[in-house]
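Whatever order the structure lists ligands and atoms in, that order sets their numbers, starting from 1.
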Amino acid sequence: MATKSQELYQEAVKVIPGGVNSPVRAFGSIGGKPRFIKSAKGAYLYDEDDNCYLDFVGSWGPMILGYGHETVLNCVQEACRRGLSFGAATAAEVDMAKLVCELIPSVEMVRMVNSGTEAVMSAIRAARGFTGRDKIIKFAGCYHGHCDSLLVQAGSGVMTAGVPDSLGVPGNCTRDTLSARYNDLQTVKAHFERCGEEIAAVIVEPVAANMGVVPPIPGFLEGLRNLCDSYGALLIFDEVITGFRLAIDGAQGYYGITPDLTVLGKIIGGGMPVGAYGGRREIMELVAPCGGVYQAGTLSGNPVAMAAGIAQLTILKEHPQYYRDLNEKGDWFFERLKECVKNSGKPWQVNHVGSLGSLYFTEQKVVDYESAKTADTKVFADYCNYMLAQRFYFAPSQFEAIFLSLAHTEEMLRKTLERITIFLQKI
Ligand SMILES: *Cc1c(COP(=O)(O)O)cnc(C)c1O
């Protein structure tokens, strides 16, 4: 008999492309069908068939406090009663902007938008407006949302101007996108030496988390900062995942490197659709209506979304020990995961920074997109399906992160490791 999830999926594919509103939610890459989720609490997800899963996705990062945090929910409910949207300035937007500027010192001014994609697109526009240059360097394997100019990953090869990864993206849109190799300053330097005067910005995930988790090697972020300074280009940190996760001041605080512009998303919305971009005052003062870089949004700074975000960020700010706990939990879990792999005699790799990590089914050390791609996605599919059957919900792709939240207990993580160990011995 079909499950409710299966029935819903059959209906969904008739009216929604692929049955999902974002491709990562499809289970195609592990040869399965999506579970339709009905509710969530703490570290658990419940699907339409009332199966309960221990969750390691956390809505792809935002639910750092765990699902259904009472304070956040109360703030959202109060905001709803006052009004869902006004399309006018509100006090909550001032509170949010002050909070972000206080928590992330490199952000002197900030603009709210509705998604990480929109924030990246706008930050790139601001960088181009400020420098009067067109070219952008991005790294193979880094994801910055689906805006045209950044849909260039690795297919293009390292040293060539970008070729789009998606149908419908005109070659003109990616002509100014240069691709470099993550953790390889030489490839960045080569671009600068060839056309440094034309490069507006380098955009990077300070910890890459969209090709699995790839930490920056020592000196990499610093090297980018220096190259940008030498050539008058801006350094943009895409902290949509790392922001408010590795530390309250993000990866820039964690690694002590200051970008010119920062892109935020996910955690900043507390589960609501929010993105933000901000940075040095002189750059942000170019954004309309202050300056000539146009950017707008009917629902930007939406009062309900702001309420959720402010509530979550305030809780994080008021509990500095949460980051110690979360990072310790991450170290504990991923170091033990490494041991499990080692004890199983398998050559596989575990990467992690704090509460973000990946188990890669490859024997190569994973430091960039090339090495990430050596992972055996068939073994990953078996692993993911096995864990799902045992009610552990991991992102259905080898190239997505494992996200821990404050709601994960040692007991839960121990059980997870036990299950993974059984899988490792089985194959
Ligand atoms: C998720 C993500 C984005 C895009 O954010 P959306 O809200 O999905 O548009 C951008 N950059 C990074 C690093 C992300 O992980």
Would you check whether [X] has a nitrogen or oxygen atom less than 3.5 angstrom from a nitrogen or oxygen atom of ligand 1?
X      : answer
Asn210 : yes
Thr117 : yes
Asp238 : yes

**Prompt:** Can you check whether Tyr369 and Phe139 have ring centres sitting under 6.0 Å from each other?
**Reply:**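 They do not qualify: ring centres at least 6.0 Å apart.
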
**Item:** Aromatic contact, Tyr383 with Tyr386 (centres under 6.0 Å)
**Value:** no

Taking only heavy atoms of [X], which atoms of ligand 1 are found under 4.0 Å from at least one of them?
X      : value
Glu205 : 13 (C)
Ser115 : 7 (O), 9 (O)
Ile241 : 15 (O)

**Asked** Under 4.0 angstrom from ligand 1, any heavy atom of Lys266?
**Response**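 Yes, Lys266 has a heavy atom closer than 4.0 Å to ligand 1.
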
**Message:** Distance alone, cut at 3.5 Å: any donor-acceptor contact between the side chains of Ser371 and Asp368?
**Reply:** yes

**Item:** Qualifying residue, where the test is side-chain contact (heavy atoms from CB on, under 4.5 Å) with His352 and the options are Asp331, Leu404, Ile402
**Value:**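 Among Asp331, Leu404, Ile402, the one meeting side-chain contact (heavy atoms from CB on, under 4.5 Å) with His352 is Asp331.
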
**Asked** In terms of residue, atom name and distance, what is the protein heavy atom nearest to atom 5 (O) of ligand 1?
**Response** Gly116 CA, 3.2 Å

**Message:** When you measure from the side chain of Tyr323 to the backbone of Phe244, do you find a donor-acceptor pair of N or O atoms at a distance under 3.5 Å?
**Reply:** yes

**Asked** For the atom pair OH (Tyr360) and OG1 (Thr377), what is the distance rounded to the nearest 0.5 Å?
**Response**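 So the OH of Tyr360 and the OG1 of Thr377 are separated by 13.5 Å.
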
